[in-house]
Amino acid sequence: MNVPMLLPQFLDRAVKLYGKKTAIIGEKHSYTYYEVNQRVNQLSRGLQEAGIEKGDRVGYLAPNTSEMYEGFYGVLQLGAVMVPLNTRLTPEDYLYILNHSGTKVLFVHHELVNQIEPVRNQLTAVEEIIVHGLEQDKDGLIAYEKWLDQFDTAAVDRPEMDENDLATLLYTSGTTGKPKGVMLSHRSNFLHALTSMHHLRVSDRDVLLHVLPMFHVNGWGSPFYYTANGATQVFLNKVMPAEIFRKMKEHGVSVMHMAPTVLNSLLQYAANEEEAVKTAQELRIVIAGSAPPPAFVKRVEEELNWEFIQVYGMTETSPLITTSMIRDTQAHLPNEEKYRLKAKAGYEFIGSEVKVVNENGDEVAHDSREIGEIVVRSNTVMEGYWNNPEETSHAIRNGWYHTGDMAVVDEEGNIEIADRKKDIIISGGENISSIEVEGVLYDHPAVLEAAVIAVPHEKWGETPQAVVVLREGHEASEDELITFARSRLAHFKAPTIIVFADELPKTGSGKIQKVHLRKEYWKDKG
Ligand code: ATP
Ligand code: MG
């Protein structure tokens, strides 16, 4: 019989091969693989006592902490399903997700309890709330460490499991609307971990700083592939540039994944703090998504001296399905050419079939500049949306998951993201990629952040409007930015309106929520 692909095997392997090695470094505690495995077993026993069985849902509302990491393996080895919650939602959002998923036991970080309190008595399935960092049981809340202490550290009997069993219900970022519960199986996460280990060259010498939140699919994957290869994982509670550089220095961090908005903030910080960059030179790679322009890649590689890799994916695909990593056979290319390639979403991960198709479902010709939708077929594609067969059958058609992302393909088969279907601006019948326009604005020295959205226009139907945040100490007028954009873009693509803002609305994973901007500027295509 085949051995099913189950996620707990990764920790089993690490304990066997790297038992005495430091596995995780939290704010207060560090544990070896052997020690963390003991805590994982205690956690599983506690959950069993609380009545958790295979298939039950267990929620986590926590920043990146060692306690959250324990949850990954403590929940999954019971065949239970982990429901990680975005820490930046509202109490009403938590109520929706916890009731929608039928979460039975909820773990909460003590600083986030007040997010649950207002809706606590409306939770329909939650039976116990266990609080990380709480010293004593209080008001029906259970103190985590004391609770954990009662249970034995010995291995737990695992239920009979199949690789198609669910590992997680991961709610999407909600960039375009209400979050959907994405069902990912052990198999999907297992294969995603193996391919990520390969593409990102993860080794047991790696030290990962968890910058991306683990409640988001991108951060969710790393505790699997960095554990499988016995790397050390450092947790970061507050995503602040000074703190990131401090941790990098302290622990010799070799790899980080982050949203480009965070990477941008590191660039800003480093521009004023030369010391920071000098002390962060053990970094091997920095991995980010969201189609940054080549000029941004160049700054990361030349100012910070870090190798930049772009990845592309989404919750529904576990998440990564393409990467722009430079292949060995491209090593000879001039730097500018490499930056251009790295700014694309790149080529498909092993095991994923990725195509760009037009409205008839035909693949667009490479190098035709024809825009189509990215579709994917892979073992890492979700089982569907939880309790939402309608959205599921809309998303997965004829065996292909339809991403809702639009792209073109170059002559070498590299995928270049044009935009989300919902973000494309249609002006006078022409498609305008908001990402392309933003890329140009980012080239202006005064621009810190820019988001381009459609607003209604009498003559053209829609017109691009940019919402811009300026760098501290810099100035630029609306006219100046429009002229700048026109000098680098076809006229119809240049924004006709620029508004300035102090900040842009973002999701918990650092993505700009254009849906909110559109609402604010009276145009919601969503
Ligand atoms: P929701 O589905 O709830 O609206 P979301 O799509 O933002 O939220 P995620 O699954 O976290 O939720 O994000 C995946 C999306 O992020 C992709 O579909 C794509 O639009 C965008 N994205 C991811 N990687 C990249 C990349 N490298 N370049 C451009 N866009 C990217
Ligand atoms: Mg999405």
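We count residues from 1, following the sequence as given. Every heavy atom of this structure was used, including side-chain atoms; hydrogens, water molecules and symmetry mates were not. Order of appearance sets the numbers: ligands from 1, and atoms from 1 within every ligand.
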Which ligand 1 atoms, with their elements, are less than 4.0 angstrom from a heavy-atom of [X]?
{"X": "Val311", "result": "24 (N), 26 (C), 27 (N)"}
{"X": "Gln310", "result": "26 (C), 27 (N), 28 (N)"}
{"X": "His216", "result": "11 (O)"}

Does [X] have a non-hydrogen atom less than 4.0 Å from ligand 1?
{"X": "Ile417", "value": "yes"}
{"X": "Ala345", "value": "no"}
{"X": "Thr507", "value": "no"}

Open item on the list: Both conditions, 6.0 Å and 45 degrees, for the charged tip of Lys180 above the ring of Trp386: are they met here?
Closed with: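 Judged by the rule, Lys180 and Trp386 form no cation-pi pair.
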
TODO: Validate the cation-pi geometry between Arg299 and Tyr339: distance from NZ or CZ to the six-membered ring centre under 6.0 Å, angle to the ring axis within 45°.
DONE: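 No, a cation-pi geometry is absent between Arg299 and Tyr339.
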
Task: N/O donor-acceptor pair under 3.5 Å between Asn358 side chain and Gly372 backbone - done: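 Side chain of Asn358 to backbone of Gly372, a donor-acceptor pair under 3.5 Å: no, none is there.
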
Task: Selection residues 338-348 - residue pairs positive for salt bridge (Lys or Arg N to Asp or Glu O under 4.0 Å), sequence neighbours left out - done: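 Salt bridge (Lys or Arg N to Asp or Glu O under 4.0 Å) check on residues 338-348 returns Glu301-Lys342, Glu337-Arg340, Lys344-Asp410, Lys344-Glu416.
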
- [ ] Tell me which part of Thr315 gets within contact of ligand 1: side chain, backbone, both or neither, using heavy atoms under 4.0 Å.
- [x]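 It is both backbone and side chain that touch ligand 1.
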
Task: Met314 contact mode with ligand 1 (heavy-atom cut-off under 4.0 Å) - done: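 Both of them.
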
Open item on the list: Could you check whether atom CG of Asp328 has more than 12 heavy atoms from other residues, nucleotides or ligands sitting under 6.0 Å from it?
Closed with: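 For Asp328, atom CG is not crowded (no more than 12 foreign heavy atoms under 6.0 Å).
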
Task: Ring centers of His516, Tyr521 separated by less than 6.0 Å - done: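 Centroid separation for His516 and Tyr521: 6.0 Å or greater.
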
